[in-house]
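Single-structure report; data block below.
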Amino acid sequence: MPESPEVEVVRRGLERWVSGRTVADVQVLHPRAVRRHTAGGDDFATALRGHRFGVARRRGKYLWLPLEDVPATDTAAADSTGGEPGAAYSVLGHLGMSGQLLVQPEAVPDEKHLRIRIRFDDIEGTELRFVDQRTFGGLSLHPNTPDGLPDVIAHIARDPLDEEFDDAAFHSALRLRRTTIKRALLDQSLISGVGNIYADEALWRARLHYERPTATLTRPRTTELLGHVRDVMNQALAVGGTSFDSLYVNVNGESGYFDRSLDAYGREDEPCRRCGTPMRRRPWMNRSSYFCPRCQRPPAGPRG
DNA sequence: TATCCGACCTGTTGGC
DNA sequence: TGCCAACAGGTCGGAT
């Protein structure tokens, strides 16, 4: 399940293997994989053909490749002078639950769930493949904002590994919300790149219950939590991300190894690594929350 | 306006 | 062995 460390691993792979290459041909093999491109698969393929990819970029779980040589059009974004020089448009990607961006030799047989194939106008002999079992992810083409960001993700907050992430502003936003801490961690407009796995891990490290109201967090507590979020992400990044099965792999098809280091997620009934109390799993928003009932005390309920 | 929650999707797993 | 339900979870949009 790709969260921002996994997406960063993929971004680095794209930067190394795809940036600077020119698109020769695009095959859209499943319409759902380009559903965010409202003009449809044929338009997506036509729009990319002949254009060169710039340096891969990322915000949270989204990554994108600026099109370096798309001529300015009548869109407002085309007047942009910020971001990637000359990049009025970008190909935006989201891996969803099970998406993979693979750079494969052209001779390698198609993956079972191959959704989009991008061939290049060079002699390297490799192509970019978007493979996605559950088709929650996809690729699409969008105009850029003046900051060089695809316009449809302008509402996505910076992720905590971004040096421009504002800890004080995040704390203020938490205090204003009438919600609980795990919901807030998964709210990509507040803080991006955190998914269910790393939210549980960071909350376990911070000894915070997932239903803790955000309005009760003190500034030191928020700072401590952000530190744990960053630690979890950096550790995952160092080993290539989390991988429970073959669904998450980098651009070369290699799995990450961070699952061996998880302290909370997926450890129902196993002893807490701090106090030995059996970990618990609770249904939460159509998914699961894993926590230690002793280290992570639930907040006090309503009076009565 | 802010927040909540179901739908989308498909392979795997477990129960019968 | 085969069938079926439950489960996994990021994002969007409708409901409250």
Side-chain angles (χ1 to χ4, degrees), chain A residues 1-8 10-11 28-38 58-64 92-101 111-116 130-140 142 150-157 159 172-203 210-216 229 232-233 236 241-249 255-256 258-259 262 264-269 280-291:
Chain A
M1 298 80 181
E3 300 183 27
S4 71
E6 289 79 14
V7 179
E8 175 60 18
V10 174
R11 189 204 66 77
V28 177
L29 303 169
H30 194 301
R32 191 174 151 78
V34 292
R35 67 190 180 284
R36 286 187 158 205
H37 188 83
T38 52
R58 180 184 67 84
R59 175 168 287 193
K61 301 169 194 171
Y62 288 92
L63 48 78
W64 67 95
L92 178 68
H94 194 292
L95 302 179
M97 291 287 299
S98 53
Q100 302 169 21
L101 279 165
E111 292 75 10
K112 182 178 178 184
H113 302 291
L114 176 62
R115 309 305 190 191
I116 301 171
F130 180 72
V131 178
D132 193 358
Q133 175 193 103
R134 299 176 196 169
T135 63
F136 273 47
L139 302 180
S140 49
H142 303 279
D151 61 355
V152 293
I153 63 164
H155 65 290
I156 300 293
D159 79 52
S172 298
L174 286 185
R175 296 283 302 190
L176 289 172
R177 290 286 178 108
R178 282 195 294 274
T179 188
T180 51
I181 186 59
K182 187 169 174 180
R183 288 177 196 275
L185 285 176
L186 297 184
D187 184 340
Q188 305 296 301
S189 67
L190 277 178
I191 180 172
S192 69
V194 182
N196 198 44
I197 298 170
Y198 296 150
D200 279 359
E201 291 301 305
L203 289 170
Y210 59 95
E211 292 286 22
R212 171 79 171 257
T214 55
T216 68
V229 171
V232 168
M233 287 185 166
T242 302
S243 176
F244 295 99
D245 48 35
S246 63
L247 289 183
Y248 164 68
V249 293
S255 297
F258 189 64
D259 57 310
L262 293 176
Y265 187 86
R267 298 195 65 245
E268 184 179 19
D269 295 332
R280 287 189 184 157
R281 181 180 74 88
R282 288 285 178 272
W284 182 84
M285 285 188 68
N286 290 329
R287 54 207 66 184
S288 295
S289 275
Y290 295 87
F291 67 106

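Because the structure is a prediction, the values reported are computed rather than measured. Lettering of chains follows the sequences in order, A, B, ..., and the numbering in each one begins at 1.
Mapping K112(A) and M285(A) onto DNA chain B via the closest heavy atom, the residue that lands nearer the 5' end is M285(A).
When each of dC5(B), dT3(B), dA8(C) is scored by its nearest atom to the side-chain atoms of R178(A), the top-ranked nucleotide is dT3(B). Picking from dG10(C), dC9(B), dA8(C) the nucleotide with the shortest atom distance to the side chain of S288(A) gives dA8(C). Nearest nucleotide to the side chain of Q133(A), out of dC8(B), dG11(B), dA8(C): dG11(B). For Y62(A), taking side-chain heavy atoms from C-beta onward, the closest of the listed nucleotides dC12(C), dA8(C), dC9(B) is dC12(C).
Taking atom CG of L95(A) as the reference point, atom C1' of dT10(B) lies 17 Å away to the nearest angstrom. Whole-Å rounding puts the L92(A) CG to dG10(C) P distance at 17 Å. Separating the CG atom of N196(A) from the P atom of dG10(C) is a distance of 6 Å, rounded to the nearest angstrom. A straight line from CD of E268(A) to C1' of dA8(C) spans 14 Å, rounded to a whole angstrom. In this entry the distance linking NE2 of H155(A) with C1' of dT1(B) reads 17 Å, nearest Å. Remark: P of dG10(C) and CG of D187(A) are 13 Å apart, rounded to the nearest angstrom. Whole-Å rounding puts the W284(A) CH2 to dC7(C) C1' distance at 17 Å. With rounding to whole Å, R177(A) atom CZ is found 12 Å from dC4(B) atom C1'.
Under 4.0 angstrom from either OP1 or OP2 of dG11(B) there lies at least one side-chain N or O belonging to H113(A). Taking only side-chain nitrogens and oxygens, R134(A) never comes nearer than 4.0 Å to OP1 or OP2 of dG11(B). Residue T179(A) places at least one side-chain N or O closer than 4.0 Å to OP1 or OP2 of dC4(B). For dG10(C), one of the phosphate oxygens OP1 or OP2 lies less than 4.0 angstrom from a side-chain nitrogen or oxygen of R287(A). Distances shown here put every side-chain N or O of R36(A) at or beyond 4.0 Å from the OP1 or OP2 atom of dC8(B). Between Q188(A) and dG10(C), a side-chain N or O to OP1/OP2 separation shorter than 4.0 Å is absent. Between R183(A) and dC5(B) there is a side-chain N or O to OP1 or OP2 distance below 4.0 Å. Distances shown here put every side-chain N or O of H94(A) at or beyond 4.0 Å from the OP1 or OP2 atom of dG10(C).
Side-chain atoms of R287(A) do not come within 3.5 Å of backbone N or O of N196(A) as any donor-acceptor pair. A donor-acceptor pair under 3.5 Å is formed between the side chain of R35(A) and the backbone N or O of G137(A).
For the atom pair CZ of R267(A) and CZ of F291(A), the computed distance is 14.0 Å after rounding to the nearest 0.5 Å.
Contact annotation for R35(A): no contact, since no heavy-atom pair falls under 4.0 Å across all strands.
Between R58(A) and D159(A), at least one side-chain N (NZ, or NE/NH1/NH2) sits under 4.0 Å from a carboxylate O, which counts as a salt bridge.
A side-chain donor-acceptor contact under 3.5 Å links S288(A) and R281(A). Side-chain N/O atoms of T214(A) and R177(A) include no donor and acceptor closer than 3.5 Å.
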